[in-house]
> 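Structure below; questions to follow.
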Number of protein chains: 2
Amino acid sequence: MSRVTIKDVAREAGVSPSAVSRVFTTGASASPLTRERVLAAADRLGYRPSLLARGLVGRSTHLVTVIMGSLSDPFDALFLDALARALAARDTRLMIASTAGGAPTESGLQQALDYKSDAVIVAAGTMSLADSALCARAGLPVILAGRALEAPGVDGVLADNADGGRQAADLLMRTACHRPAYLGLGKTTFSDRERWQGFADTLARLGAKPAEWACEGRDPEAAFRAASAVLSAPHRPDGLFCSNDAVALRAVEAARALGLSVPEDVSIIGFNNLPQAAWPSFQLSTLDYPIGSLVGAIIDLLDTRLADPQRSGEVRRLPVHLVPRATTRRADVGVPASAVRPVPINPEAL
Amino acid sequence: MSRVTIKDVAREAGVSPSAVSRVFTTGASASPLTRERVLAAADRLGYRPSLLARGLVGRSTHLVTVIMGSLSDPFDALFLDALARALAARDTRLMIASTAGGAPTESGLQQALDYKSDAVIVAAGTMSLADSALCARAGLPVILAGRALEAPGVDGVLADNADGGRQAADLLMRTACHRPAYLGLGKTTFSDRERWQGFADTLARLGAKPAEWACEGRDPEAAFRAASAVLSAPHRPDGLFCSNDAVALRAVEAARALGLSVPEDVSIIGFNNLPQAAWPSFQLSTLDYPIGSLVGAIIDLLDTRLADPQRSGEVRRLPVHLVPRATTRRADVGVPASAVRPVPINPEAL
DNA sequence: CGAAAGAATGCAAACGTTTGCATTCACTTG
DNA sequence: CAAGTGAATGCAAACGTTTGCATTCTTTCG
């Protein structure tokens with residue numbers, strides 16, 4: 001019933017508690033004989049160091065808090081899973097702090113502080129300068145995922161959203177879309193803004209002016225309703241760039257429900273390249289944003305930050321690349337040449 | 001930089017650390033004056049009790065560990081999300097322990113013990129009697145989700161899988177399926193077994209003998225491959241009950257890819273009633289298993305267990321109910337009466 | 001062979017709380 | 001008015017570790 005502690009092991013092995021501690025901390029000095037005895041005693045007793053006690057006195061709790069929103073978007077779920085595994089491989093545990101919608105991350109940060117987390121990963125909500133100051137004061141490293149903040153010592157990793165928007169715009173123009181539109185999650189979502197900017201800027205440069213729409217709310221059905229609204233609007237778009245695949249897939253559904261054919265009547269592009277996007281029923285054209293590299297970058301940032309807490313903040317941009325499937329038309333065939341609006345060839349585009 | 005501790009607050013408020021502690025623990029005696037002073041001082045200093053220290057000495061860490069598999073099935077993701085929120089509402093945090101495939105849950109249990117979790121929720125992997133003994137010895141409450149174990153003091157909550165299987169079988173027979181089959185995740189998956197049993201037993205009682213198939217592996221594509229194999233087998237089934245929606249949705253895809261029409265050529269039934277199952281593209285017939293009640297039961301079990309650690313284990317069965325959509329034929333119309341095999345009417349069935 | 005160096009170990013003080021025990025103090029009650 | 005009651009408080013000992021310092025023991029080198 002009662003826990004077996006370091007003292008029990010010390011007694012059993014005939015050494016001091018310190019010796020036991022040193023055996024269990026890598027890089028501490030302990031003679032082979034002591035090590036062997038201690039290990040044997042520990043094994044016999046079934047001893048495991050209490051990470052609570054360790055965390056209380058030591059410098060690391062081997063605990064990281066992640067602030068997440070709803071997991072209804074598969075991307076978030078897969079991200080969380082990959083993150084937990086990557087951390088586990090480094091012998092670190094993940095604690096969840098759920099945040100509601102666009103609510104402040106503050107309670108999540110407090111949670112991270114309360115448990116003396118080694119770091120907090122912010123993957124939902126908006127972080128303010130005050131928040132980051134709070135963390136800085138407490139010595140809690142912050143890593144932003146999919147958002148950015150101009151604050152000292154705050155690291156971040158983001159997709160190259162603007163470039164994704166550019167690629168989407170390029171594709172739509174090259175496939176003779178005349179009424180491009182954007183469907184996002186709302187003005188407050190960081191990545192959305194960047195994707196919109198890249199999209200709209202590129203189109204503006206090409207002489208087109210996209211319409212902008214937003215879902216009301218983040219629940220999955222909101223995307224369906226919004227897409228339905230977009231696609232039954234007076235000047236119905238014939239090309240729709242959605243801020244992510246979760247929205248885009250629902251847009252495909254909405255289009256079909258309205259009797260529109262994709263991509264003939266309307267082209268649809270997503271973002272993330274979810275496994276679902278490749279399903280035969282959808283064959284969604286999208287921008288690939290590999291979760292592995294996202295998580296890899298986070299882990300890497302985490303390591304360097306932990307090694308040097310004083311270094312200035314670094315933000316990493318991860319490239320995304322277009323995966324054209326069946327919800328957009330072929331760029332080179334099947335479209336009457338006369339319908340193709342002349343577009344400057346962009347060598348970086350696919 | 002350095003943390004503000006209970007002593008700092010005590011000094012600032014002009015009282016002893018104990019007094020501060022008592023102000024922050026509900027139900028302890030503190031005079032209104034002291035309370036006010038302490039609260040003011042704490043607020044001024046930005047004090048928050050260290051949950052590590054609290055957990056070390058106190059009886060609760062307000063920490064629960066959940067052992068989860070991959071989050072690629074949306075059901076798991078939604079479950080995790082709901083669980084985290086429900087716990088957060090009770091001021092308890094959730095720690096993730098990821099387990100690979102059917103790997104032992106042991107490292108997850110150790111993680112729970114290392115951090116002195118208030119409880120561990122096992123939602124993946126298989127738990128042995130030895131595992132449960134380990135937890136019992138350490139005084140760690142175990143709650144099984146979607147699995148059962150005959151062990152003292154271990155609680156569990158499961159869907160009424162056998163009844164789900166029965167309902168699926170009933171529906172297939174009532175809609176004139178002659179070659180029913182089951183597609184599961186594999187022999188080692190607890191819920192799968194029960195669903196199969198309920199399905200097969202019911203069919204046997206009706207004089208039919210379903211074929212049984214399993215996916216090789218748990219990754220999403222495995223389900224697609226398996227379904228493709230099933231549907232191109234010599235005696236192709238005309239009714240397929242899948243162990244969950246994730247599989248069933250892929251089966252629908254596979255059927256379509258093979259040029260089969262659903263439900264005319266083959267009826268397909270899932271389990272869970274994922275949001276996706278209701279999408280227009282699928283309209284999957286399935287068994288509704290509300291995540292809310294699952295999580296609710298877990299929380300409830302947790303509360304009662306924590307209140308009385310000595311009580312004997314309790315397993316709760318949650319009802320599931322059929323949601324017939326478009327991947328099964330209508331039971332009463334559109335099928336030649338002659339084709340309907342006489343089936344005993346079951347009053348509980350929909 | 002003596003001394004300096006370095007490895008191995010133990011002691012005791014942290015880390016930031018809770019909590020049992022004893023004390024004080026203001027009231028109530030007979 | 002004396003004694004009994006109960007709330008409010010402080011002291012100090014846990015909780016299970018790590019770690020700086022001092023000590024002892026082994027080497028190694030001049």
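To find a chain, count down the sequence lines: A is the first, B the second, and so on, and within it residues start at 1. Note that the structure is predicted; figures quoted are calculated from it, not measured.
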> As a test of reading the structure: which of dT18(D), dA12(C), dG10(D) is closest to the side chain of Ser18(A), going by heavy atoms?
dA12(C)
> In this structure, how many angstroms lie between the P atom of dT17(C) and the CG atom of Asp8(B), rounded?
9 Å
> Let's see if you can work this out: which of dA8(C), dT17(D), dT18(C) has an atom nearest to the side-chain heavy atoms of Thr25(B)?
dT18(C)
> Is it the case that the side chain of Thr61(A) and the backbone of Lys116(A) share a donor-acceptor pair, with hydrogens and angles ignored and the cut-off at 3.5 Å?
yes
> In whole angstrom, give the distance that lies between atom OH of Tyr115(A) and atom C1' of dG16(C).
15 Å
> Once you round it to whole Å, what is the distance between C1' of dT18(D) and CG of Leu52(A)?
15 Å
> Return the 5'-most residue of the pair Arg22(B), Ser50(B) with respect to DNA chain C, ranking by each residue's nearest nucleotide.
Ser50(B)
> Students often mix this up, so state it plainly: with edges at 30° and 60°, are the rings of Phe75(B) and Tyr289(B) parallel, tilted or perpendicular?
parallel
> If only atom types and distance count, is the side chain of Thr99(B) paired as donor or acceptor with the main-chain N or O of Ile67(B) below 3.5 Å?
no
> Using a strict 4.0 Å threshold on nitrogen-to-oxygen distance, state whether Asp300(A) and Arg316(A) make a salt bridge.
yes
> Any side-chain to backbone donor/acceptor pair from Arg305(A) onto Val154(A)? Under 3.5 Å, distance only.
no
> Separation of Phe24(B) atom CZ from dT19(C) atom C1', in whole Å?
17 Å
> Using salt bridge (charged side-chain N to carboxylate O under 4.0 Å, His left out) as the criterion, list what pairs up with Asp81(A), not counting sequence neighbours.
Arg85(A)
> For Arg93(B), is there an ion pair with Asp91(B) - N to carboxylate O distance below 4.0 angstrom?
yes
> Nearest whole angstrom, please: distance from the C1' of dC15(D) to the CG of Leu56(B).
4 Å
> Between Val57(B) and Pro17(B), which has a closest nucleotide on DNA chain D that is more 5'?
Pro17(B)
> Whole angstroms only, please: what is the CD-C1' distance between Glu36(B) and dA8(D)?
16 Å
> What's the closest nucleotide to the Pro32(A) side chain, out of dG10(C), dA8(C), dA12(D)?
dA8(C)
> Does the side chain of Arg59(A) get closer than 4.0 angstrom to OP1 or OP2 of dT19(D) through an N or O atom?
yes
> With distance as the sole criterion, do the side chain of Thr5(A) and the base of dC15(D) form a donor-acceptor contact below 3.5 Å?
no
> List the residues meeting salt bridge (charged side-chain N to carboxylate O under 4.0 Å, His left out) with Arg37(B), not counting sequence neighbours, and say none if there are none.
none
> Are any of Ser29(B)'s side-chain N or O atoms less than 4.0 Å away from OP1 or OP2 of dA7(D)?
no
> In terms of the nearest nucleotide of DNA chain D, which residue is placed more toward the 5' end: Arg35(B) or Lys116(B)?
Arg35(B)
> Can you sort out which residues in residues 38-48 of chain B have a heavy atom within less than 4.0 Å of DNA chain C? Ascending by number, please.
Tyr47(B), Arg48(B)
> Would you indicate what Ser31(A) reaches in the nucleic acid, counting non-hydrogen atoms under 4.0 angstrom: base, sugar-phosphate, or nothing?
sugar-phosphate
> Given dT18(D), dC11(C), dT9(C), which nucleotide is nearest the side-chain atoms of Ser21(A)?
dT18(D)
> Starting at NZ of Lys7(A) and ending at C1' of dC15(D), how long is that distance when rounded to a whole Å?
9 Å
> Rounded to the Å, how far apart are Ile6(A) CD1 and dC15(C) P?
18 Å
> On DNA chain C, does the nearest nucleotide to Ala19(A) precede the nearest nucleotide to Ala53(A) from the 5' side, or the other way round? Give the residue.
Ala19(A)
